[in-house]
Amino acid sequence: SQKIEQNSEALNIQEGKTATLTCNYTNYSPAYLQWYRQDPGRGPVFLLLIRENEKEKRKERLKVTFDTTLKQSLFHITASQPADSATYLCALVYGGATNKLIFGTGTLLAVQP
Amino acid sequence: DAGITQSPRHKVTETGTPVTLRCHQTENHRYMYWYRQDPGHGLRLIHYSYGVKDTDKGEVSDGYSVSRSKTEDFLLTLESATSSQTSVYFCAIGGQGFEAFFGQGTRLTVV
């Protein structure tokens, strides 16, 4: 079965540094990989999608890479701020047009001022 | 929250009782999903719908049923609630570019 692993349960970094979160997957070859942000008590919010033929995608301070050989995606937040503190979820699209998602358990990011 | 409303937001129910959670969207999206989120398991797909009266099972569908009689409403029913169904339930709709938009969630406690 598909399995998605995200690095560590919590990542603590200092404000201004770059946060790097990891998503590894097995037994699957997704065409798309997505990243979501989730704040306590709220639903996940879509951030970025990267396709299998894209090596890198950027949006403001966010950058996502996708290595289909390593079966890994890295999610970077540059110049991190305390407001970036949240849980970040990696998700793979499966099921073709039905757009079903399989999620990792998430990484809790805490940015210290 | 992309025009998605879940109700109720919180519910406490007794073991063995039926429970229905409602998801309402104003975006006219074809695809709707129900997920549950539990510590250590992340979000898992329960059921999904690809149109009115068209539904299918996800990875954790046992003990749950769904119905979609209108494009805007997707109902999740726990036929006979058990303590293992204590969870946070999220409804989502599928965007045009494969992204999902989630509701605020329903926290269900089965005692």
Side-chain angles (χ1 to χ4, degrees), chain A residues 1-10 21 23-25 27-28 30-54 57 59 62 64 66 73 86-108, chain B residues 1-7 9-10 21 23-25 27 29-51 54-61 66 68 74 87-108:
Chain A
S1 63
Q2 303 99 334
K3 186 175 181 181
I4 303 174
E5 292 184 344
Q6 295 189 240
N7 66 319
S8 70
E9 291 191 0
L21 285 65
C23 174
N24 294 294
Y25 58 92
N27 300 331
Y28 193 63
Y32 307 88
L33 187 145
Q34 304 179 5
W35 284 88
Y36 290 78
R37 169 182 173 142
Q38 186 173 25
D39 292 287
R42 301 184 68 90
V45 175
F46 171 77
L47 295 175
L48 281 169
L49 176 149
I50 187 165
R51 294 172 171 78
E52 60 178 341
N53 60 353
E54 297 177 313
K57 197 82 167 278
K59 178 182 178 182
L62 308 180
V64 173
F66 193 11
S73 175
T87 296
Y88 292 86
L89 307 171
C90 166
L92 303 181
V93 178
Y94 74 105
T98 59
N99 191 25
K100 293 181 288 187
L101 297 172
I102 181 168
F103 283 86
T105 53
T107 297
L108 176 61
Chain B
D1 293 317
I4 306 170
T5 304
Q6 291 185 232
S7 59
R9 292 294 314 280
H10 301 272
L21 309 182
C23 178
H24 178 79
Q25 61 143 332
E27 307 296 318
H29 280 288
R30 177 183 175 190
Y31 293 100
M32 298 185 74
Y33 312 84
W34 277 107
Y35 288 87
R36 60 178 289 175
Q37 187 171 37
D38 305 286
H41 290 280
L43 283 153
R44 292 179 292 174
L45 181 65
I46 306 171
H47 280 280
Y48 67 99
S49 169
Y50 44 96
D54 292 323
T55 65
D56 205 348
K57 297 178 180 179
E59 58 178 313
V60 290
S61 60
V66 289
R68 192 167 177 200
F74 192 30
S87 186
V88 180
Y89 292 86
F90 287 100
C91 173
I93 60 176
Q96 298 299 322
F98 294 101
E99 69 272 35
F101 299 99
F102 286 82
Q104 291 277 56
T106 295
R107 183 173 295 276
L108 177 68

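This one's a predicted model, so the numbers in the text were calculated from it and none came from an experiment.
- Pairs of residues two or more places apart, or lying in two chains, never qualify as salt bridge (Lys or Arg N to Asp or Glu O under 4.0 Å) while including a residue from residues 87-98 of chain A.
- Contact between F90(B) and Q38(A) at its shortest, heavy atoms only, is CZ-NE2, 3.6 Å.
- At a 4.5 Å heavy-atom cutoff, R44(B) makes no contact with chain A through either its backbone or its side chain.
- Between L43(B) and P44(A), the shortest heavy-atom distance links the atoms CD1-CG, 3.7 Å.
- Closest approach of A100(B) and Y36(A) over heavy atoms only: N-OH, 2.9 Å.
- Interatomic distance, CD1 of I102(A) versus OH of Y35(B), reported as 9.5 Å (0.5 Å rounding).
- Proximity to chain B is absent for every atom of L48(A), based on heavy atoms less than 4.5 angstrom apart.
- Looking at L101(A), the atoms closer than 4.5 Å to chain B (heavy atoms on both sides) sit in the backbone and in the side chain alike.
- Of the two parts of Y50(B), neither the backbone nor the side chain holds a non-hydrogen atom closer than 4.5 Å to a non-hydrogen atom of chain A.
- Atom CZ of R107(B) has 12 or fewer neighbouring heavy atoms from other residues, nucleotides or ligands inside a 6.0 Å radius.
- For K100(A), there are no salt bridge (charged side-chain N to carboxylate O under 4.0 Å, His left out) partners, not counting sequence neighbours.
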